[in-house]
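Chain letters run A, B, ... following the sequence lines, proteins first, then strands; residues in each count from 1. Just so it is clear, the structure is predicted and the values come from calculations on it, not from any experiment. Because only heavy atoms are used, hydrogens play no part in the values below, and waters and symmetry mates are left out as well, while side chains stay in.
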Number of protein chains: 2
Amino acid sequence: MDGPLDTRVTVRSAAATHTADCVVFGYAEGELRVLLVRRAVEPFLGHWVLPGGAMAETERLEETARRVLLELVGVRNLYLQQVATYSAPDRHPVRRVVTTSYYALVRPEQHQPTALGYLSEVRWFPLSEVPPLGFDHSTLLADAHARLILHLRTRPLAFDLLPERFTLTEAQGVYEEILGEGLDRRNFRRKLQTYDFLIETEEKRRGVRGGPVLYRVHVDRLRAQLQKNT
Amino acid sequence: MDGPLDTRVTVRSAAATHTADCVVFGYAEGELRVLLVRRAVEPFLGHWVLPGGAMAETERLEETARRVLLELVGVRNLYLQQVATYSAPDRHPVRRVVTTSYYALVRPEQHQPTALGYLSEVRWFPLSEVPPLGFDHSTLLADAHARLILHLRTRPLAFDLLPERFTLTEAQGVYEEILGEGLDRRNFRRKLQTYDFLIETEEKRRGVRGGPVLYRVHVDRLRAQLQKNT
DNA sequence: AAGTTTCTGTGTCAAATATACACGGAATTG
DNA sequence: CAATTCCGTGTATATTTGACACAGAAACTT
């Protein structure tokens with residue numbers, strides 16, 4: 001346990017630890033995946049849970065989330081969105097812990113996650129293979145996924161999950177995986193044509209029939225677009 | 001994640017008070033209003049702020065918010081939605097306070113707010129006349145309003161702000177006030193016709209030219225509708 | 001290397017949805 | 001009782017969304 005709690009807190013109000021938990025989405029091998037960690041300590045020893053950490057004295061929660069992600073996958077500056085705050089008094093079996101959840105989008109192929117501290121394992125799980133999680137993290141995951149779906153309908157988020165070069169079919173795959181529904185190829189491409197941040201390269205993807213053209217994003221324009229739809 | 005506090009975090013974890021702040025929207029005299037309270041204690045003595053309270057030992061934050069609203073406007077069971085959590089270390093000048101904001105919809109004419117505890121005053125402010133608020137509450141208010149606009153576009157929330165009997169023009173007024181834009185009367189009514197929870201009464205509004213018909217809502221059907229669009 | 005398979009890339013038409021718009025009737029006002 | 005103001009209604013147009021088929025490119029098979 002940590003040191004004594006702030007004594008200035010009034011008798012009646014609760015002094016809770018506050019943590020930030022991250023729902024880290026990645027796209028690999030045609031599947032939407034989520035990064036889970038396995039606990040090496042009680043409570044929920046051996047259980048898979050969302051990566052997270054306690055808010056430090058001088059941090060805001062978003063910084064906590066970014067610190068956790070930096071330690072875990074070694075990446076800065078990724079797309080991070082607050083989802084919700086969970087405060088049921090008994091959601092942690094030992095003491096009072098309030099958690100704010102974030103979802104993050106990363107490119108799995110660029111970062112090797114490492115299990116640090118009280119974790120025994122880190123793994124990418126296809127969304128369909130996620131086991132029941134410790135604490136109330138199954139709920140957090142479901143809520144974050146729902147939020148991601150909602151956001152994807154109005155914001156071009158898929159490109160934060162794709163590698164630097166990608167085909168339009170691959171982009172469509174990301175959309176379909178997140179939304180959980182099939183899309184019409186031609187209608188999908190019509191939508192993408194309205195995005196000014198998509199740049200057609202001279203290259204083609206080799207090893208795939210049809211020889212699809214590779215695209216990349218104009219990073220600044222994509223950022224601007226995401227800014228607009230906040 | 002809810003792990004041990006001191007294993008790999010080099011910084012001390014923070015023991016923060018956690019509060020729930022409420023952005024209480026009401027509609028009166030053709031205007032969208034928000035309920036603000038005036039502080040009778042430091043810090044921000046004399047400043048207008050959002051009503052809020054500290055989370056108690058056995059409460060979850062939503063219960064804190066409902067308790068605050070019960071004390072303030074004496075009403076239970078109103079529409080309440082979590083908006084976001086604010087955790088900047090210096091957002092409270094004296095000690096660390098993390099706040100989760102909620103927006104609530106109430107019928108101002110049915111409830112007389114009372115200033116309790118450390119408050120000197122309570123007042124409904126038209127949204128356009130809200131002064132700069134204490135703490136970061138101007139931000140909280142703006143965020144909550146933005147969220148309300150977003151929600152109103154997909155959910156029939158306006159009827160939680162209207163009195164028991166209302167005309168369709170009054171309903172349109174609520175939409176226009178929240179969205180901040182004018183709507184076409186005929187198109188608006190066409191949309192309302194798709195709602196099965198609207199019930200036309202035999203009464204007409206007196207004192208208004210044209211003698212508009214009064215409507216009421218089928219409460220269960222409205223609840224069901226709101227449930228669906230969550 | 002020739003034929004086969006599979007994936008890419010493209011345009012049009014129909015349906016649904018959203019937007020613009022005007023006038024007669026009812027109740028109040030003076 | 002005349003004038004004013006607000007209520008209540010339908011249609012036509014534009015925009016958006018959704019369905020759908022075939023030719024070309026690269027890989028695969030033999």
Letter per nucleotide, 5' to 3', of nucleotides 14-22 of chain C [B base touched, S only sugar-phosphate touched, - untouched; heavy atoms, 4.0 Å] | -----BBBB
So do B:Ile199 and B:Val217 actually touch side chain to side chain, heavy atoms under 4.5 Å?
-> no
Given side chains that start at C-beta, do those of A:Leu50 and A:Leu140 come closer than 4.5 Å, heavy atoms only?
-> yes
Rounded to the nearest Å, what distance is computed from the [atom1] atom of residue [X] to the [atom2] atom of nucleotide [N]?
X        : N      : atom1 : atom2 : answer
A:Glu203 : D:dA26 : CD    : P     : 14 Å
A:Arg206 : C:dT8  : CZ    : C1'   : 17 Å
B:Phe188 : D:dC7  : CZ    : P     : 12 Å
A:Arg189 : C:dT8  : CZ    : P     : 7 Å
A:Leu183 : D:dT16 : CG    : C1'   : 16 Å
B:Leu192 : D:dC7  : CG    : P     : 14 Å
A:Glu170 : C:dC7  : CD    : P     : 13 Å
B:Arg205 : C:dT28 : CZ    : C1'   : 15 Å

At their closest point, which heavy atom of A:His92 faces which heavy atom of A:Val97, and how far apart are they?
-> CD2-CG2, 3.6 Å
Go through B:Asp21 and B:Tyr86 one step at a time and tell me if the side chain to side chain donor-acceptor pair (under 3.5 Å) criterion holds.
-> CA-CA 10 Å; B:Asp21 286 347; B:Tyr86 301 82; over 6 Å; no
Output all residues satisfying ring pair (Phe, Tyr, Trp, His ring centres under 6.0 Å) with B:His151, sequence neighbours left out; order by chain, then residue number.
->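 Testing B:His151 for ring pair (Phe, Tyr, Trp, His ring centres under 6.0 Å), a comparison that skips the adjacent residues, returns B:Tyr103.
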Between D:dA25 and A:Lys204, is there an OP1 or OP2 to side-chain N/O distance shorter than 4.0 Å?
->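 No, no such contact exists.
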Looking for any heavy atom pair under 4.0 Å, which part of the strands does B:Thr167 touch: base, sugar-phosphate only, or nothing?
-> nothing
Residue closer to the 5' end of DNA chain C, A:Arg209 versus A:Leu168 (nearest nucleotide) |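 Result of the comparison: A:Arg209.
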Option among A:Asp136, A:Thr19, A:Thr85 that satisfies the side chain to side chain donor-acceptor pair (under 3.5 Å) test with A:Thr99 |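 The side chain to side chain donor-acceptor pair (under 3.5 Å) with A:Thr99 is passed solely by A:Thr19 among A:Asp136, A:Thr19, A:Thr85.
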A:His47 vs A:Phe44 aromatic rings, parallel, tilted or perpendicular, using cut-offs 30° and 60°?
->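 Rings of A:His47 and A:Phe44: perpendicular, as their planes differ by over 60°.
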